[in-house]
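Accompanying notes for the structure given below.
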Amino acid sequence: MGSALIGLAAAVVGVTGTLMASVLSQRLLARVQSEQFARQQQESEAQWRREQQVAELTRRRESYMNVNAAFRRYRTHLVAFLWYVHKGEVTADAREVVEEARREHHSVFAEAQMVASAAVLAELDDMTEALSEAYRRTMALEEGNPDPDGSFDEIRATDFSRLWERWDRMRGVMRGDLGVDLAPDSHPTLSS
(Lines give C-alpha, C1' and ligand atoms only; values in the text may rest on other atoms or scores of the structure.)
Protein backbone atom coordinates (compact mmCIF):
# COMPACT_ATOMS: atom_id res chain seq x y z
CA MET A 1 0.00 0.00 0.00
CA GLY A 2 2.86 2.27 0.60
CA SER A 3 3.88 2.32 -2.98
CA ALA A 4 0.31 2.76 -4.14
CA LEU A 5 -0.05 5.81 -1.90
CA ILE A 6 3.21 7.17 -3.14
CA GLY A 7 2.04 6.67 -6.73
CA LEU A 8 -1.30 8.29 -5.96
CA ALA A 9 0.39 11.22 -4.24
CA ALA A 10 2.74 11.60 -7.18
CA ALA A 11 -0.20 11.55 -9.59
CA VAL A 12 -2.12 14.15 -7.53
CA VAL A 13 0.95 16.37 -7.36
CA GLY A 14 1.51 15.94 -11.09
CA VAL A 15 -2.08 16.76 -12.02
CA THR A 16 -2.15 19.69 -9.56
CA GLY A 17 1.14 20.98 -10.96
CA THR A 18 -0.19 20.75 -14.51
CA LEU A 19 -3.38 22.59 -13.57
CA MET A 20 -1.51 25.21 -11.54
CA ALA A 21 0.97 25.74 -14.35
CA SER A 22 -1.77 26.77 -16.75
CA VAL A 23 -3.36 29.11 -14.16
CA LEU A 24 0.00 30.64 -13.27
CA SER A 25 0.90 30.88 -16.93
CA GLN A 26 -2.33 32.77 -17.66
CA ARG A 27 -1.77 35.13 -14.72
CA LEU A 28 1.81 35.78 -15.79
CA LEU A 29 0.68 36.41 -19.37
CA ALA A 30 -2.04 38.80 -18.13
CA ARG A 31 0.50 40.71 -16.03
CA VAL A 32 2.93 40.95 -18.96
CA GLN A 33 0.15 42.15 -21.25
CA SER A 34 -0.99 44.69 -18.66
CA GLU A 35 2.54 46.05 -18.30
CA GLN A 36 2.90 46.16 -22.08
CA PHE A 37 -0.39 48.06 -22.37
CA ALA A 38 0.71 50.53 -19.66
CA ARG A 39 4.01 51.14 -21.52
CA GLN A 40 2.14 51.68 -24.79
CA GLN A 41 -0.19 54.13 -23.04
CA GLN A 42 2.79 56.03 -21.63
CA GLU A 43 4.46 56.11 -25.03
CA SER A 44 1.24 57.29 -26.68
CA GLU A 45 0.78 60.00 -24.06
CA ALA A 46 4.40 61.14 -24.46
CA GLN A 47 3.96 61.24 -28.25
CA TRP A 48 0.74 63.25 -27.85
CA ARG A 49 2.53 65.73 -25.56
CA ARG A 50 5.36 66.12 -28.11
CA GLU A 51 2.84 66.72 -30.89
CA GLN A 52 1.03 69.31 -28.74
CA GLN A 53 4.31 71.10 -28.02
CA VAL A 54 5.17 71.19 -31.72
CA ALA A 55 1.68 72.46 -32.57
CA GLU A 56 1.91 75.15 -29.87
CA LEU A 57 5.33 76.24 -31.10
CA THR A 58 3.99 76.40 -34.65
CA ARG A 59 1.01 78.51 -33.53
CA ARG A 60 3.27 80.92 -31.65
CA ARG A 61 5.74 81.14 -34.55
CA GLU A 62 2.96 81.96 -37.02
CA SER A 63 1.41 84.45 -34.62
CA TYR A 64 4.75 86.18 -34.01
CA MET A 65 5.43 86.36 -37.75
CA ASN A 66 1.99 87.89 -38.32
CA VAL A 67 2.44 90.42 -35.50
CA ASN A 68 5.87 91.36 -36.77
CA ALA A 69 4.61 91.84 -40.34
CA ALA A 70 1.54 93.81 -39.20
CA PHE A 71 3.68 96.04 -37.00
CA ARG A 72 6.04 96.80 -39.88
CA ARG A 73 3.16 97.62 -42.23
CA TYR A 74 1.47 99.82 -39.65
CA ARG A 75 4.70 101.63 -38.83
CA THR A 76 5.56 102.09 -42.53
CA HIS A 77 2.13 103.49 -43.38
CA LEU A 78 2.12 105.72 -40.31
CA VAL A 79 5.53 107.18 -41.27
CA ALA A 80 4.28 107.73 -44.83
CA PHE A 81 1.19 109.45 -43.46
CA LEU A 82 3.38 111.66 -41.25
CA TRP A 83 5.24 112.72 -44.39
CA TYR A 84 1.95 113.48 -46.14
CA VAL A 85 0.98 115.62 -43.15
CA HIS A 86 4.33 117.40 -43.32
CA LYS A 87 3.92 118.11 -47.03
CA GLY A 88 0.25 119.06 -46.67
CA GLU A 89 -0.79 116.27 -49.04
CA VAL A 90 -3.11 114.20 -46.84
CA THR A 91 -5.87 112.50 -48.82
CA ALA A 92 -8.76 110.29 -47.81
CA ASP A 93 -6.94 107.37 -49.46
CA ALA A 94 -3.78 108.04 -47.42
CA ARG A 95 -5.82 108.14 -44.22
CA GLU A 96 -7.64 104.92 -45.16
CA VAL A 97 -4.33 103.10 -45.78
CA VAL A 98 -3.17 104.02 -42.27
CA GLU A 99 -6.51 103.03 -40.75
CA GLU A 100 -6.49 99.68 -42.56
CA ALA A 101 -2.95 98.96 -41.32
CA ARG A 102 -4.04 99.97 -37.83
CA ARG A 103 -7.08 97.65 -37.92
CA GLU A 104 -4.96 94.79 -39.21
CA HIS A 105 -2.43 95.38 -36.43
CA HIS A 106 -5.18 95.34 -33.79
CA SER A 107 -6.62 92.13 -35.22
CA VAL A 108 -3.29 90.33 -35.34
CA PHE A 109 -2.40 91.63 -31.87
CA ALA A 110 -5.69 90.22 -30.51
CA GLU A 111 -4.85 86.81 -31.96
CA ALA A 112 -1.33 86.94 -30.54
CA GLN A 113 -2.70 87.66 -27.07
CA MET A 114 -4.15 84.14 -27.07
CA VAL A 115 -0.88 82.29 -27.77
CA ALA A 116 2.00 84.56 -26.72
CA SER A 117 4.13 83.81 -23.71
CA ALA A 118 3.98 86.25 -20.78
CA ALA A 119 7.32 87.83 -21.77
CA VAL A 120 6.26 88.33 -25.39
CA LEU A 121 2.85 89.61 -24.33
CA ALA A 122 4.50 92.26 -22.16
CA GLU A 123 6.59 93.40 -25.13
CA LEU A 124 3.54 93.38 -27.41
CA ASP A 125 1.62 95.51 -24.91
CA ASP A 126 4.49 98.02 -24.75
CA MET A 127 4.78 98.08 -28.53
CA THR A 128 1.07 98.60 -29.04
CA GLU A 129 1.05 101.40 -26.50
CA ALA A 130 3.98 103.10 -28.25
CA LEU A 131 2.30 102.67 -31.65
CA SER A 132 -0.93 104.13 -30.31
CA GLU A 133 0.93 107.14 -28.96
CA ALA A 134 2.75 107.70 -32.27
CA TYR A 135 -0.60 107.41 -34.06
CA ARG A 136 -2.26 109.87 -31.66
CA ARG A 137 0.54 112.39 -31.99
CA THR A 138 0.56 112.09 -35.79
CA MET A 139 -3.20 112.56 -36.00
CA ALA A 140 -3.05 115.54 -33.62
CA LEU A 141 -0.46 117.12 -35.90
CA GLU A 142 -2.61 116.39 -38.96
CA GLU A 143 -5.66 117.96 -37.29
CA GLY A 144 -3.67 121.11 -36.52
CA ASN A 145 -3.65 120.54 -32.77
CA PRO A 146 -0.17 119.09 -32.11
CA ASP A 147 1.33 118.38 -28.70
CA PRO A 148 3.84 121.00 -27.51
CA ASP A 149 6.64 118.64 -28.58
CA GLY A 150 4.61 117.21 -31.47
CA SER A 151 6.25 118.72 -34.53
CA PHE A 152 6.99 116.64 -37.59
CA ASP A 153 10.69 116.49 -36.70
CA GLU A 154 10.00 115.54 -33.07
CA ILE A 155 7.57 112.78 -33.98
CA ARG A 156 9.82 111.42 -36.71
CA ALA A 157 13.01 111.55 -34.67
CA THR A 158 11.67 110.59 -31.25
CA ASP A 159 8.54 108.48 -31.59
CA PHE A 160 9.58 106.45 -34.60
CA SER A 161 13.11 106.00 -33.32
CA ARG A 162 11.69 104.61 -30.07
CA LEU A 163 9.36 102.36 -32.04
CA TRP A 164 12.30 100.90 -33.92
CA GLU A 165 14.18 100.23 -30.67
CA ARG A 166 11.11 98.64 -29.10
CA TRP A 167 10.55 96.53 -32.20
CA ASP A 168 14.13 95.29 -32.00
CA ARG A 169 13.66 94.33 -28.34
CA MET A 170 10.26 92.75 -29.05
CA ARG A 171 11.68 90.72 -31.90
CA GLY A 172 14.49 89.47 -29.64
CA VAL A 173 12.02 88.35 -26.97
CA MET A 174 9.93 86.58 -29.61
CA ARG A 175 12.98 84.80 -31.00
CA GLY A 176 14.03 83.78 -27.50
CA ASP A 177 10.54 82.45 -26.80
CA LEU A 178 10.76 80.33 -29.95
CA GLY A 179 14.19 79.03 -29.01
CA VAL A 180 16.05 80.91 -31.72
CA ASP A 181 19.43 81.85 -30.32
CA LEU A 182 20.53 85.21 -31.70
CA ALA A 183 22.01 87.79 -29.37
CA PRO A 184 20.43 91.26 -29.78
CA ASP A 185 23.75 92.83 -30.82
CA SER A 186 24.66 90.15 -33.34
CA HIS A 187 22.62 91.26 -36.35
CA PRO A 188 23.64 89.50 -39.55
CA THR A 189 25.24 91.68 -42.18
CA LEU A 190 25.03 91.48 -45.93
CA SER A 191 28.56 90.09 -46.10
CA SER A 192 27.72 87.23 -43.71
Output for pair (Arg39 CZ, Ser34 OG), nearest 0.5 Å, gives 10.0 Å
Scan for salt bridge (charged side-chain N to carboxylate O under 4.0 Å, His left out) pairs involving residues 110-127, sequence neighbours excluded, and state none if there are none.
-> Glu123-Arg169
With a 4.5 Å heavy-atom cut-off, do His105 and Thr128 have their side chains touching?
-> yes
Sequence-distant partners of Asp147, side chain to side chain donor-acceptor pair (under 3.5 Å), two or more places apart | Arg136, Arg137
Go through Arg50 and Gln53 one step at a time and tell me if the side chain to side chain donor-acceptor pair (under 3.5 Å) criterion holds.
-> CA-CA 5 Å; Arg50 282 190 297 274; Gln53 289 171 340; over 6 Å; no
Consider only side-chain heavy atoms of I, L, V, M, F, W and Y, link residues closer than 4.5 Å, and tell whether Trp167 and Val98 are in one cluster.
-> yes
State yes or no: do Phe152 and Met139 share one hydrophobic cluster built from I, L, V, M, F, W and Y residues joined by side-chain heavy-atom distances below 4.5 Å, directly or via other members?
-> yes
Report yes if the side chains of Arg171 and Asp168 come closer than 4.5 Å at any heavy-atom pair, otherwise no.
-> yes
4.5 Å side-chain heavy-atom contact, Phe160 and Arg75 = yes
Identify whether Tyr74 and Met65 are in the same connected component of the hydrophobic contact network (ILVMFWY, side-chain heavy atoms under 4.5 Å).
-> no
Heavy atoms, side chains only, cut-off 4.5 Å: are Thr58 and Val54 in contact?
-> yes
For the pair Leu29 and Gln26, evaluate side-chain contact (heavy atoms from CB on, under 4.5 Å) and give the outcome as yes or no after the intermediate values.
-> CA-CA 5 Å; Leu29 179 62; Gln26 285 179 346; 5.6 Å; no
For Ser161 and Ala157, which heavy atoms make the closest approach, and how far apart are they?
-> CB-O, 2.8 Å
Name all residues meeting the ring pair (Phe, Tyr, Trp, His ring centres under 6.0 Å) criterion together with His106; count only those two or more places apart in sequence or in a different chain, and write none if there are none.
-> none
Minimum heavy-atom separation for Leu163 to Phe71, with atom names?
-> O-CZ, 4.0 Å
Applying ring pair (Phe, Tyr, Trp, His ring centres under 6.0 Å) to Tyr64 and not counting sequence neighbours gives none
How long is the span from the CG atom in Leu28 to the CD atom in Gln33, to the nearest 0.5 Å?
-> 10.0 Å
Would you say the side-chain atoms of Ser63 pair up with the backbone N or O of Arg59, donor to acceptor, closer than 3.5 Å?
-> no
Distance, nearest 0.5 Å, that separates CG of Asp93 from CD of Glu100 = 12.5 Å
Could you give all pairs that pass the salt bridge (charged side-chain N to carboxylate O under 4.0 Å, His left out) test and reach residues 7-35, with sequence neighbours left out?
-> none
Please name all residues satisfying salt bridge (charged side-chain N to carboxylate O under 4.0 Å, His left out) with Glu89, sequence neighbours left out, ordered by chain then number.
-> none
Enumerate donor-acceptor pairs with a distance under 3.5 Å from any side-chain N or O in residues 113-121 to protein atoms, sequence neighbours excluded.
unit_1	atom_1	unit_2	atom_2	d
Ser117	OG	Val120	N	3.3
Ser117	OG	Asp177	OD1	3.2

Hits for side chain to side chain donor-acceptor pair (under 3.5 Å) against Glu45, two or more places apart or cross-chain, chain-then-number order -> Arg49
Worked verdict on Gln52 versus Glu56 for side chain to side chain donor-acceptor pair (under 3.5 Å) = CA-CA 6 Å; Gln52 292 301 310; Glu56 176 63 25; over 6 Å; no
Interatomic distance, CG@Asn66 vs OG@Ser107, rounded to 0.5 Å, equals 9.5 Å
Between CG of Asn68 and CE of Met127, what distance do you get to the nearest 0.5 Å?
-> 9.0 Å
Salt bridge (charged side-chain N to carboxylate O under 4.0 Å, His left out) against Glu99, all qualifying residues, sequence neighbours excluded = Arg102
Results of salt bridge (charged side-chain N to carboxylate O under 4.0 Å, His left out) for Arg162 - residues two or more places apart only | none
Which heavy atom of Gly150 sits nearest a heavy atom of Leu141, and at what distance?
-> O-CD1, 3.6 Å
Pairs satisfying ring-ring contact (aromatic ring centres under 6.0 Å, His included), at least one member in residues 9-53, at least two apart = none
Taking distance alone, no hydrogens or angles, what donor-acceptor pairs closer than 3.5 Å link side-chain atoms of residues 76-88 to residues at least two apart or in another chain?
unit_1	atom_1	unit_2	atom_2	d
Thr76	OG1	Arg72	O	2.7

Quick one: are Arg95 and Glu142 in side-chain contact, heavy atoms under 4.5 Å?
-> yes
